[in-house]
Amino acid sequence: MKLSTHIKKLALCTALAFTVSAGVMTTHDAEAKDLRGWNIHVEDYPNSIALDAFIADVAAKTDGRIKGKVFHGGVLGSQPDAIEQVRLGAIDFANFNLGPMGQVVPETNVVSLPFIFKSIPDMYKVMDGAGGAAIAEGMAKKGIVAIGWFDSGARSFYTSQRAINTPDDVKGLKVRVMNNDLFVGMIEAMGGNATPMAFGEVFQSLKTGVVDGAENNPPSYESTNHFEVAQFYSLSEHLIIPECLCISKKTWDTWSEADQKIVMEAGKAATAKQRELWQAREKASMEKVAAGGVKVNTIADKGPFQDAMGPVYDKYLAANPEMKSLVDLITSSQ
Ligand code: GTR
């Protein structure tokens, strides 16, 4: 079926997630097990607070039929591993960045294309509309039910030796990226050496010079203390990648439609909370890194960075022609 036909059939992700469960009615165990929630961030991070609120809300509204615990700080493993665990039902719910999901869910790669979103409000608009519904549909096919899109701001470069003002400044630098070939291509297009690496290993790698830099949004740059060991923060804002609040389809399918509705509503509320907390944390993080000695430089003209990404798009679309309509849908709706 053509994507455009599909999208017409989809309302928002709310409607989508209900279709995932079509026809599945189950009874509950009297003794509900504790669901396991995966999270990579520290406890006071906006996403962590929203996840804790989410599962507490679900437990209250289902009278404890569905309850659980969030394991913060990546103690349940790295993000690529956790994505597999969610697909298998060994982890029941999670907050994932869509960046490392591309290897499993091809539709998510579209939002990992540099500069695909013009702004954060544009990202919201797309993800809360047909673009988000198409991505959620791709995820559902792979056993992951998306019930909300979290804000993850814009990612910018940080380096230990010098600021980045033009793509040429990336030349020769060893830059950590999230696990996805698209990000390797992005760094190579600027002449840098990309090193895919788990989030938890970045601090030590920056500190010991295994890499010269990395890239992330202000809250992650700050909460991981990466800013202490890479003190040039260059606001390239080259990636705006949303995150999901998602449920293992294996777990989802054990719930009644009424409980799925409760979970969906709690997901919506948690998403609204995360987005609000995010705005405040971004500001606080920028203040904290500046106070910690970070030299922040804005990049007035992002044109050269955007131009450098031409080959990344060409290569991606040549290898994934079926994604062209989704790329077009996203770019045309901003
Ligand atoms: C953060 C994101 C994490 C993880 C991390 C990374 O911004 O919230 O899920 O993807 O970046 O760089 O690995």
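Along the sequence shown, residues are numbered consecutively beginning with 1. Numbering of ligands and ligand atoms starts at 1, following listing order.
Taking only non-hydrogen atoms, the option from Ile241, Asn216, Asn47 nearest to atom 7 (O) of ligand 1 is Asn216.
Neither the backbone nor the side chain of Asn95 has any atom closer than 4.0 Å to an atom of ligand 1 (non-hydrogen atoms only). Neither the backbone nor the side chain of Met197 has a heavy atom within less than 4.0 Å of ligand 1. Only the side chain of Asn217 comes within 4.0 Å of ligand 1, judged by heavy-atom distances.
Proximity of the aromatic rings of His238 and Phe157 is defined here by a centroid distance below 6.0 angstrom, and this criterion is met. Ring-centre distance between Tyr233 and Phe227: not below the 6.0 Å cut-off. Ring pair Phe54/Phe93: centre-to-centre distance below 6.0 Å.
Considering backbone and side-chain N/O atoms, Glu243 comes within less than 3.5 Å of an N/O atom of ligand 1.
A donor-acceptor distance shorter than 3.5 angstrom exists from the side chain of Asn95 to the backbone of Cys244, with no hydrogens or angles considered.
Side chains of Asn39 and Ser48: a donor-acceptor N/O pair is present below 3.5 angstrom, by distance only.
With hydrogens left out, the protein atom closest to atom 13 (O) of ligand 1 is Arg176 NH2, 2.9 Å, a heavy atom. Of the protein's heavy atoms, Gln79 NE2, 3.2 Å lies nearest to atom 9 (O) of ligand 1. From the protein, the heavy atom lying nearest to atom 1 (C) of ligand 1 is Ser220 OG, 3.4 Å. Summary of contacts: the protein heavy atom closest to atom 3 (C) of ligand 1 is His41 NE2, 3.7 Å.
In this structure the side chain of Arg65 reaches within 4.5 angstrom of the side chain of Ile262, judged on heavy atoms.
Remark: distances from the non-hydrogen atoms of Arg155 to ligand 1 include one below 4.0 Å.
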